[in-house]
Amino acid sequence: MSTHEVAPGGKADPGVTVEQVVRAQLSKALGGRRGMLEAAAPTIVFTVLWLSTREIELALAVSVGAALVLLAVRLVQRSTVQFVVNALVGIGIGWFFVRLAASRGGSEDEQALAYFLPGLLYNGGYAVVMALTCFIGWPLVGFMVGSVTGDVTAWHHDKQVVKLCTTLTWLLAIPCVIRVALQAPLWIGGWSGSLDVDFAIAALGALKIALGWPLQLAALGAMLWVLGRDRTPVDPTA
């Protein structure tokens, strides 16, 4: 948000709308083209190297190296490292699942599939949490509004705000649902042997990239369309 939209102490100024707050918070969460590249690059490197060399350790090492190079550039430029760190955390979790599969005697094919499992679990869990918050009437985006206004629950007293935040939360959940719906059958098919493993891994890598930021941007576009239609006061008494 711009400085005139937030009063001292982190509270929104009178007259600020929910739409303004959510747009500002979303802009912080996205990294622009550079952030998208930093998020996608390690997965691209891992998928290409695994399919071309069949060396799981090499694929992991080079993908980590690529992320570290991007991190070093960010540090030299003294710009935010948030999106590179997010990528490194994702690789680290993927590496843990690969090691876990290896420790249980999994083949290299099974280890490569294990790399994609955390993403499926994350998207599935995130979708369930967001859907649950909508069903119980406390949509997740509402707390995004509350974090700016200084009172994390006051927004819930205004039915108009609750309705808007519920719509926005569903729009955030849809990409997660789509990812799980398309990737889970591939992962299960590759793991069970009903699909060719190389095909499953290639498809999972391609979908992880295609359904990453592009799908998130589509959801953002839908959210901005919704946000552009109305002006819902953060404080209905203002």
Side-chain angles (χ1 to χ4, degrees), residues 25-51 55-104 106 108 110-130 133 140-141 143-144 147 169 172-180 182-184 186-187 191 201 203-217 219-220:
Q25 294 294 86
L26 287 173
S27 69
K28 293 179 183 178
L30 296 171
R33 294 180 181 177
R34 183 174 181 179
M36 297 175 208
L37 173 63
E38 290 169 345
T43 297
I44 295 173
V45 170
F46 173 85
T47 304
V48 171
L49 277 177
W50 163 249
L51 292 174
E55 294 287 342
I56 189 73
E57 295 292 344
L58 176 64
L60 281 170
V62 177
S63 63
V64 170
L68 289 175
V69 169
L70 294 172
L71 178 62
V73 172
R74 283 283 192 178
L75 290 173
V76 169
Q77 296 177 341
R78 295 185 178 181
S79 58
T80 178
V81 299
Q82 172 188 348
F83 305 101
V84 183
V85 170
N86 288 346
L88 280 169
V89 170
I91 294 172
I93 295 173
W95 176 86
F96 173 78
F97 274 70
V98 168
R99 291 293 88 211
L100 186 62
S103 69
R104 295 178 176 178
E108 287 195 341
E110 291 171 333
Q111 292 175 45
L113 284 171
Y115 178 81
F116 294 98
L117 183 57
L120 279 171
L121 296 176
Y122 170 83
N123 279 281
Y126 201 49
V128 169
V129 169
M130 287 191 286
T133 65
L140 194 63
V141 171
F143 294 99
M144 182 187 297
S147 69
T169 301
L172 277 178
I174 288 173
C176 297
V177 174
I178 292 175
R179 290 176 191 130
V180 173
L182 294 181
Q183 291 178 300
L186 289 168
W187 192 91
W191 190 268
I201 294 171
L204 284 167
L207 285 175
K208 188 175 179 67
I209 296 163
L211 300 180
W213 281 109
L215 189 58
Q216 203 66 39
L217 286 175
L220 175 63

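The nearest pair of heavy atoms linking Leu211 to Leu215 is O-CB, 3.5 Å. Annotation for Val180 and Gly124: closest pair CG2-N, 3.5 Å, computed over non-hydrogen atoms. The nearest pair of heavy atoms linking Ile91 to Ala67 is CD1-CB, 4.1 Å. When all heavy atoms of Leu100 and Ser103 are compared, the closest pair comes out as O-OG, 2.7 Å. In terms of heavy atoms, Ala173 sits closest to Met130 at CA-CE, 3.3 Å. Closest non-hydrogen pair, Leu70 versus Ala41, comes out as CD1-CB, 4.2 Å.
Counting only heavy atoms from C-beta outward, the side chains of Gln183 and Phe116 never approach each other to under 4.5 Å. Two residues are said to be in side-chain contact when any heavy atoms from C-beta on lie closer than 4.5 Å; Leu204 and Leu113 meet this criterion. Side chains of Tyr115 and Ile201 form no contact here, defined as non-hydrogen atoms less than 4.5 Å apart. In this structure, the side chains of Leu68 and Leu88 come closer than 4.5 Å at one or more pairs of heavy atoms. In this structure, Leu140 and Leu172 have side chains that are not in contact, with every pair of non-hydrogen atoms separated by 4.5 Å or more.
Taken from SG in Cys176 to CG in Leu120, the straight-line distance is 11.5 Å, to the nearest 0.5 Å. Of the inter-residue distances, the one linking Leu117 atom CG with Ile93 atom CD1 reads 11.5 Å to the nearest 0.5 angstrom. The structure places CD of Glu108 at 8.5 Å from CD of Glu57, a figure rounded to the nearest 0.5 Å. For the atom pair NZ (Lys208) and CG (Leu186), the distance works out to 13.5 Å, reported to the nearest 0.5 Å.
The number of heavy-atom neighbours closer than 6.0 Å to CZ of Phe97, taken from other residues, nucleotides and ligands shown, is above 12. Other residues, nucleotides and ligands contribute over 12 non-hydrogen atoms within 6.0 Å of the CH2 atom of Trp187.
With Thr169 contributing its side chain and Val141 its backbone, the two residues share a donor-acceptor pair below 3.5 Å.
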